[in-house]
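If you're wondering where the values come from, they're calculated on a predicted model, not measured in any experiment. Every chain is numbered from 1 and lettered A, B, ... according to where its sequence line falls, protein lines coming before strand lines.
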Number of protein chains: 2
Amino acid sequence: MRISQLAERTDVPVHTLKYYLREGLLMPGVATSRTRAEYDEDHVRRVHLLRALVEHAGVGIDGARRVVAALEDPPGTRAELLGVAQRTVPATGGDAEVSDEVRELVADLGWTVEPDGPWMRSLTATVGAARAAGLHLEHRRLVEYAHAARDVAEVDLDLTEDAEDAAAAVRTVVLGTALLDPVLIALRRVAQEAVSRER
Amino acid sequence: MRISQLAERTDVPVHTLKYYLREGLLMPGVATSRTRAEYDEDHVRRVHLLRALVEHAGVGIDGARRVVAALEDPPGTRAELLGVAQRTVPATGGDAEVSDEVRELVADLGWTVEPDGPWMRSLTATVGAARAAGLHLEHRRLVEYAHAARDVAEVDLDLTEDAEDAAAAVRTVVLGTALLDPVLIALRRVAQEAVSRER
DNA sequence: CATGATGGAGAGTGGCACTATCCGATGTCA
DNA sequence: TGACATCGGATAGTGCCACTCTCCATCATG
């Protein structure tokens, strides 16, 4: 398939595909002449991946580049899969000191984690920002959210166990980490409406 | 407190505060002369709110304007609180048709919701994007995520019951809807690490 | 009275994800 | 065979957005 057909299949303008090619996000097609190249289903999937990452996950071009690199990299052990995935979509909110409350939270839950990892910092920052903005958020509520987050994480990890090989495992973890955030947010909104109607 | 002190307290440049004033996101201080105005703790809270919305919730200036409007608006009945909050931070992902799978999902869960609401569309779009990008996501997994989302929503709604008056209820719902998304994402990442270490 | 902060308005900046233009080479159809 | 569209490749431009800066007359303060 030619670039114009790839554009049609994916509903992405040719110019944008050229941009992705230039940025190294989309692998070149097989050149059939100096001005022609042939693209296949792998390219279609890649373009869909890029659109999902940019449009829904909001990771930007840089983040997408890291995701693509992670997918093409030999994975390493299953234990460090998550590390790769989490580094691929880095935490936001700066590198503030982890608060005592957050430390206690994970301790009370019995979680064993890197105490000063980026997501512990991100958690501190987001909780602090929500409180500073005037949201009354009790520690008890946070614990309940954490329980729900743990349930989600269990499913996340289950997903990786089904993977047939290392490549599939990487894809599942990396994509699951980035692409399911918006799914979970949408589910939360729909669930809010359902619970609200029940009461 | 003068604008420069407000800037110091909130760690936001004076120029940015002026920008917020111009955009109507920050209420004017009490003018003590033609070139002086006095700001107070309400202004500090408002600036923290704006920063949290823009930096952590990523709702942008327009979204922040809607949040501020919702906070200042008389609330209405408790039943429509959620509607206000959800309209304040609108769904992304276009207005695609809601898929049969998503319809069945909420039906199987026994949820009563607007069948073609914006978040049902958003859910369809994000699930579809994740699949198109190559993520193998079974319906069964989705159901498990939905259960967790429901748990979160229960806590969300509990939060509103504690509110003393209508104004506090609006603040809780609107801020909770927007500002807790990043908290939940961070919790998910930390929980992933904890579960991963256990296995 | 000198200095510097202030409010107010407009214009400028930087980052980002495209998007358009240009080019020469090459398919393709009449 | 010749007209014409399309292609890859490179450069430059666009639109959006959240600031950020400049300017200035006015005023507060030492």
Original post:
What integer distance in Å separates B:Glu23:CD from C:dG8:P?
Top reply: 14 Å
Subject >> Rounded distance (Å) that lies between atom C1' of D:dG9 and atom CG of A:Leu17 >> reply: 15 Å
**OP:** In whole angstrom, give the distance that lies between atom CG of A:Leu25 and atom C1' of C:dC18.
**Re:** 12 Å
Original post:
Of all the nucleotides listed (D:dA18, C:dT21, C:dT28), which has the minimum atom distance to the side chain of A:His15?
Top reply: C:dT21
Subject >> A:Arg51 CZ to C:dA17 P, straight-line distance once rounded to whole Å >> reply: 10 Å
**OP:** Return the nearest nucleotide to the side chain of A:Ile61; candidates are D:dG8, C:dA17, C:dT19.
**Re:** C:dA17
**OP:** Check the distance between C:dG7's C1' and B:Tyr20's OH and give it to me in whole angstrom.
**Re:** 18 Å
Subject >> A:Tyr19, nearest nucleotide to its side chain (from C:dT19, D:dC19, C:dG7) >> reply: C:dT19
Original post:
Stepwise, does the salt bridge (charged side-chain N to carboxylate O under 4.0 Å, His left out) test hold for A:Arg150 with A:Asp156?
Top reply: CA-CA 10 Å; A:Arg150 196 201 154 86; A:Asp156 289 335; over 6 Å; no
Original post:
When the distance from CG of A:Leu21 to P of D:dA10 is rounded to whole Å, what number comes out?
Top reply: 11 Å
Original post:
Could you give the CD1-to-C1' distance, from B:Ile3 to C:dG4, as a whole number of Å?
Top reply: 15 Å
Original post:
Are B:Glu114 and B:Arg121 ion-paired here, with the side-chain N under 4.0 Å from a carboxylate O?
Top reply: no
**OP:** Tell me which nucleotide among D:dC7, D:dT29, D:dC19 gets nearest to the side chain of A:Ser4.
**Re:** D:dC7
**OP:** Describe the nucleic acid contact of B:Ala37 in one word from base, sugar-phosphate, nothing, applying a heavy-atom distance below 4.0 Å.
**Re:** sugar-phosphate
**OP:** Please tell me which of the listed nucleotides, C:dC18, D:dA28, C:dG27, lies nearest to the side chain of A:Arg36?
**Re:** C:dG27
Original post:
Under 4.0 Å: is that the gap between some side-chain N or O of B:Tyr39 and OP1 or OP2 of C:dG7?
Top reply: yes
**OP:** Please work out if B:Val14 contacts a base, only the sugar-phosphate, or nothing of the nucleic acid, heavy-atom cut-off 4.0 Å.
**Re:** nothing
**OP:** Would you mind reading off the distance between B:Gln5 atom CD and C:dT6 atom C1', rounded to a whole angstrom?
**Re:** 12 Å
**OP:** Could you grab the distance from atom OG1 of A:Thr16 to atom CG of A:Leu26, nearest 0.5 Å is fine?
**Re:** 11.5 Å
Original post:
Would you say A:Thr16 reaches C:dT19's phosphate, i.e. side-chain N/O to OP1/OP2 under 4.0 Å?
Top reply: yes
Subject >> Earlier contact from the 5' end, DNA chain D, for A:Pro28 and B:Thr32 >> reply: A:Pro28
Subject >> B:Asp40 bridged to B:Arg46 by N-O distance under 4.0 Å >> reply: no
**OP:** Go through B:Arg197 and B:Glu193 one step at a time and tell me if the salt bridge (charged side-chain N to carboxylate O under 4.0 Å, His left out) criterion holds.
**Re:** CA-CA 6 Å; B:Arg197 291 199 184 209; B:Glu193 186 188 342; 3.0 Å; yes
**OP:** Scan A:Arg22 against the nucleic acid and name what it touches under 4.0 Å (heavy atoms): base, sugar-phosphate only, or nothing.
**Re:** base
